[in-house]
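Below you'll find the structure, written out as structure tokens, and then a few comments.
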Amino acid sequence: MRARPKELDKNFVQFHKKLMDSLPTSDWSPFTPIGDLPPERVDVVIVGGGVMGWSIAYWLKQKENRRGALRVVVVERDPTYSRASTVLSAGGIRQQFSRPENIHMSLFSAQFLRNINEHLGVVNEDHIDIQFNPSGYLFLASEEGATVMEENYNVQRECGAQVTLLSPHQLKKKFPWVNTNGVALASYGLENEGWFDPWTLLNAFRRKALSMGVYHCHGEVTDFSTTKREMMTADGDPVTFSRIGHVTVLMPNSLESQNVECALVINAAGAWSSNVAELAGIGIGPSDSLESVKLPVEPKKRYIFVVHCPDGPGLDCPLLIDSSGVYFRREGLGGNYIAGKSPTEEEEPDISNMEVDYDFFQQKVWPLLAHRVPAFESLKVKTAWAGYYDYNTYDQNGVVGMHPLVNNLFFATGFSGHGLQHSPAVGRAVAELIVDGSFQTIDLSSFSFRRFVSEEPLLERNIV
């Protein structure tokens with residue numbers, strides 16, 4: 001029988017005090033690691049050097065009370081980022097979500113991006129140009145989806161998002177190139193929505209964090225060394241708590257490993273974060289126990305197609321999400337667009353490779369594009385690529401915060417396609433949890449791992 005999550009809350013409070021008392025840096029002499037080896041001892045190991053990992057690293061250093069007070073290392077197994085979700089995404093940012101937490105995170109992230117040089121600028125380094133294109137998101141709803149769109153709109157407006165609803169007539173007047181057949185309602189973002197360059201944001205977070213003293217290691221986390229203790233719940237059920245003492249990092253193209261002693265670990269490994277969780281024993285305990293509850297995050301491959309259509313929508317083109325699930329946006333100024341669509345469960349592609357199925361575009365994407373924008377009937381496919389969602393199969397929302405049993409392991413994963421745009425806000429939130437002991441700005445308590453234990457899904461209705 002599983003222990004109830006509320007019975008563990010007192011342990012969380014006690015743990016945070018012990019954690020902050022145990023950070024070892026005040027007694028250690030700082031040293032520079034040799035080559036690409038990680039330090040032997042740090043306060044925080046961040047597993048995953050995508051935009052989420054580097055955002056957390058930046059915010060941890062931003063919140064330290066003196067320079068060098070927190071020793072942080074980011075471990076990334078692929079420094080080329082050839083398979084990274086961050087750089088293979090469409091780079092969108094929107095406030096048009098159904099959950100208030102997601103809306104507030106997007107609002108903060110939009111302001112962060114607009115003032116990125118104030119946050120991430122480095123003295124004597126180049127100015128950061130995020131290439132933000134504020135063309136907005138345009139969601140289209142059928143008669144069946146109109147009620148949900150109105151409900152989402154009301155939540156968005158209550159949260160402060162500048163969004164407007166358009167009737168089919170208003171939609172056609174604003175965007176004459178849209179075929180409004182089958183459209184009952186549209187929702188259009190008026191500000192703080194659009195797209196930007198993911199690679200620039202990743203590099204900006206990384207460059208700033210490194211300038212603040214964060215260590216970077218090219219390697220793969222292969223093991224956690226843990227200590228365990230068993231306690232009894234009020235119902236007399238045994239519960240095993242564990243704590244990670246050190247992380248084993250396998251160096252690339254080598255049999256050499258380095259053990260890194262640490263106070264806490266942050267799992268920001270994206271699509272592969274479930275594998276990292278299993279290293280700590282999460283999801284592999286006896287059935288019907290807390291230890292058996294898995295991190296429900298897995299890689300889902302998604303295609304992005306680049307098409308050329310000189311007679312397409314043009315410069316006023318927003319990022320349009322059709323009621324059918326197909327989406328597109330303008331890419332540059334030369335009549336190019338990127339487009340895609342999430343497959344059905346039966347159509348999910350093989351994740352073992354990065355190959356693109358062009359038949360999927362011909363059969364599943366192009367007909368829907370051409371129906372919604374007749375000019376797209378004459379488009380030509382130029383190229384395409386595949387990337388991964390860190391897909392939360394439970395409720396398509398992020399997992400943020402401490403694990404209830406491994407009490408120095410934190411999560412920042414499972415964002416199901418909107419991790420890039422939320423990375424500034426999530427990084428700040430995780431740093432608040434660690435340094436302050438609780439969320440100080442946006443309350444993400446409902447994103448806790450504990451919802452998987454209590455079986456309380458936190459559904460997001462606007463997943464693209």
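Just so you know, these numbers use all the heavy atoms, side chains as well, and skip hydrogens, waters and symmetry mates.
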Check your understanding: Do the side-chain N and O atoms of E460 and N102 include a donor-acceptor pair separated by under 3.5 angstrom?
Key -> yes

Review point. Between F360 and Y303, is the gap from one ring center to the other below 6.0 Å?
Key: yes

Check your understanding: On the ring face of Y337, is R330 found with NZ or CZ under 6.0 Å from the centre and within 45° of the axis?
Key -> no

Exercise for review: Determine, step by step, whether L70 and V435 satisfy the side chain to side chain contact (heavy atoms under 4.5 Å, CB included) criterion, reporting the C-alpha distance in whole Å, the side-chain angles of both residues, the deciding distance to 0.1 Å, and the verdict.
Suggested key: CA-CA 10 Å; L70 282 173; V435 178; 4.2 Å; yes

Review point. Would you say the side chain of L88 lies within less than 4.5 Å of the side chain of S85, judging by non-hydrogen atoms?
Key: no

Check your understanding: For E348, does its backbone N or O pair with a side-chain atom of K300 as donor and acceptor, under 3.5 Å?
Key -> no

Exercise for review: List the atom of T383, the atom of Y358, and the distance in Å for their closest heavy-atom pair.
Suggested key: C-OH, 4.0 Å

Review point. Quick check, are the ring centers of F415 and Y389 under 6.0 angstrom apart?
Key: no

Exercise for review: Taking the six-membered ring for Trp and the single ring otherwise, decide whether the centroids of W54 and H216 are under 6.0 Å apart.
Suggested key: yes

Check your understanding: How about K172 and N179: does a side-chain donor come under 3.5 Å of a side-chain acceptor?
Key -> no

Check your understanding: K294 side chain to G283 main-chain N or O, any donor-acceptor pair under 3.5 Å?
Key -> yes

Point to revise | Side-chain donor-acceptor contact under 3.5 Å, S416 with N392 | key: no

Review point. Do the non-hydrogen side-chain atoms of V400 and V426 ever get within less than 4.5 Å of each other?
Key: yes

**Study point:** Ring centroid separation F452 to H403 under 6.0 Å
**Key:** no

**Study point:** Side-chain donor or acceptor of S211 paired with backbone N/O of K208 under 3.5 Å
**Key:** yes

Practice item. Step by step, work out the side chain to side chain contact (heavy atoms under 4.5 Å, CB included) result for L185 and L166. Key: CA-CA 6 Å; L185 193 63; L166 302 174; over 6 Å; no

Check your understanding: Do other residues, nucleotides or ligands put more than 12 heavy atoms under 6.0 Å from E151 CD?
Key -> yes

Review point. Looking at side-chain heavy atoms only, is the closest gap between C217 and V249 below 4.5 Å?
Key: yes

**Study point:** Heavy-atom donor-acceptor pair, Y58 side chain to H119 backbone, under 3.5 Å
**Key:** yes

Review point. Does any non-hydrogen side-chain atom of I321 lie less than 4.5 Å from one of L138?
Key: no

Review point. Judged by modelled atom types alone, do T441 and R428 share a side-chain donor-acceptor pair under 3.5 Å?
Key: yes

Review point. Just by distance, do the side chain of E278 and the backbone of N275 share a donor-acceptor pair under 3.5 Å?
Key: no

**Study point:** Test side-chain contact (heavy atoms from CB on, under 4.5 Å) applied to V381 and V356, V365, V307, the passing residue
**Key:** V307

Check your understanding: For Q258 and E40, does a side-chain donor sit closer than 3.5 Å to a side-chain acceptor?
Key -> no

Check your understanding: Backbone N or O of G414 within a donor-acceptor pair of the D390 side chain at under 3.5 Å?
Key -> yes

Study note, to complete from the structure: Result for side-chain contact (heavy atoms from CB on, under 4.5 Å) between N397 and one of L458, L459, L444 points to L458

Check your understanding: Does the pair I130 and L201 meet the rule for a side chain to side chain contact (heavy atoms under 4.5 Å, CB included), with working shown?
Key -> CA-CA 7 Å; I130 202 72; L201 180 61; 3.7 Å; yes

Review point. CG of L420 to OG of S55: how many Å apart, nearest 0.5 Å?
Key: 10.5 Å

Practice item. Report yes or no: do D78 and T80 form a side-chain donor-acceptor pair below 3.5 Å? Key: yes

**Study point:** Any side-chain donor near an acceptor of the partner, S142 and S323, under 3.5 Å
**Key:** no

Review point. Should the pair F205 and F112 be assigned to parallel (<30°), tilted (30 to 60°) or perpendicular (>60°) ring geometry?
Key: parallel

Review point. Which pair of heavy atoms, one from C309 and one from A375, lies closest together, and at what distance?
Key: SG-O, 3.3 Å

**Study point:** Partner of T200 by side-chain contact (heavy atoms from CB on, under 4.5 Å), out of I116, I128, D129
**Key:** I128

Review point. Are Q421 and S423 linked by a side-chain donor-acceptor pair shorter than 3.5 Å?
Key: no

Point to revise | M105 vs F447 side-chain heavy atoms within contact, under 4.5 Å | key: yes

Practice item. Compute whether any side-chain donor of one residue and acceptor of the other, for R114 and N192, lie under 3.5 angstrom apart. Key: yes

Review point. Is a side-chain N or O of N408 found less than 3.5 angstrom from the main chain of A263, in a donor-acceptor match?
Key: yes

Check your understanding: When you measure from the side chain of R99 to the backbone N and O of E101, does any donor-acceptor pair fall under 3.5 Å?
Key -> no

**Study point:** Pairing of R71 and D43 as salt bridge, 4.0 angstrom limit
**Key:** no

**Study point:** Identified side-chain contact (heavy atoms from CB on, under 4.5 Å) partner of I93 from the options W195, Y137, F132
**Key:** F132

**Study point:** Contact summary for P39 and V73, nearest pair of heavy atoms
**Key:** CD-CG2, 4.1 Å

Review point. Regarding E298 and T393, is there a side-chain donor-to-acceptor distance under 3.5 Å anywhere?
Key: no

Check your understanding: Taking 4.0 angstrom as the limit, do R66 and E64 come out as a salt bridge?
Key -> no

Review point. Is there side-chain contact between V221 and L279, with heavy atoms separated by less than 4.5 Å?
Key: yes

Point to revise | Test item: V260 and V42 side chains (from C-beta on) under 4.5 Å apart, heavy atoms | key: yes

Review point. Cation-pi between R451 and Y394: NZ/CZ under 6.0 Å from ring centre and within 45° of the ring axis?
Key: no

Review point. Is the closest side-chain donor-acceptor distance between S109 and H422 under 3.5 Å?
Key: no

Point to revise | Closest approach of M149 to A141 (non-hydrogen atoms, all atoms of both residues) | key: CE-CB, 3.5 Å

Practice item. State whether the side chain of D443 and the backbone N or O of F439 hold a donor-acceptor pair below 3.5 Å, judged by distance alone. Key: no

Check your understanding: Does F305 have its ring centroid less than 6.0 Å away from the ring centroid of Y327?
Key -> no

Point to revise | Q95 to A110 - nearest heavy-atom pair and separation | key: NE2-CB, 4.1 Å

Point to revise | Side-chain touch D316/W177, heavy atoms, less than 4.5 angstrom | key: yes

Practice item. Hey, can you tell me if F328 and F376 have their rings parallel, tilted or perpendicular (30° and 60° cut-offs)? Key: perpendicular

Review point. Between Q156 and N462, is a side chain to side chain contact (heavy atoms under 4.5 Å, CB included) present by the stated rule, with each step listed?
Key: CA-CA 12 Å; Q156 292 153 16; N462 267 11; 4.3 Å; yes

Point to revise | From CD1 (I266) to OG1 (T413), nearest 0.5 Å | key: 12.5 Å

**Study point:** Side chain Y81, main chain G49, donor-acceptor under 3.5 Å
**Key:** yes

Practice item. Determine, stepwise, if the pair H418 / F97 fulfils ring pair (Phe, Tyr, Trp, His ring centres under 6.0 Å). Key: CA-CA 10 Å; H418 48 270; F97 287 96; 5.1 Å; yes

Review point. So, for G48 and E76, which heavy atoms are closest and what is the spacing to 0.1 Å?
Key: C-OE1, 3.7 Å

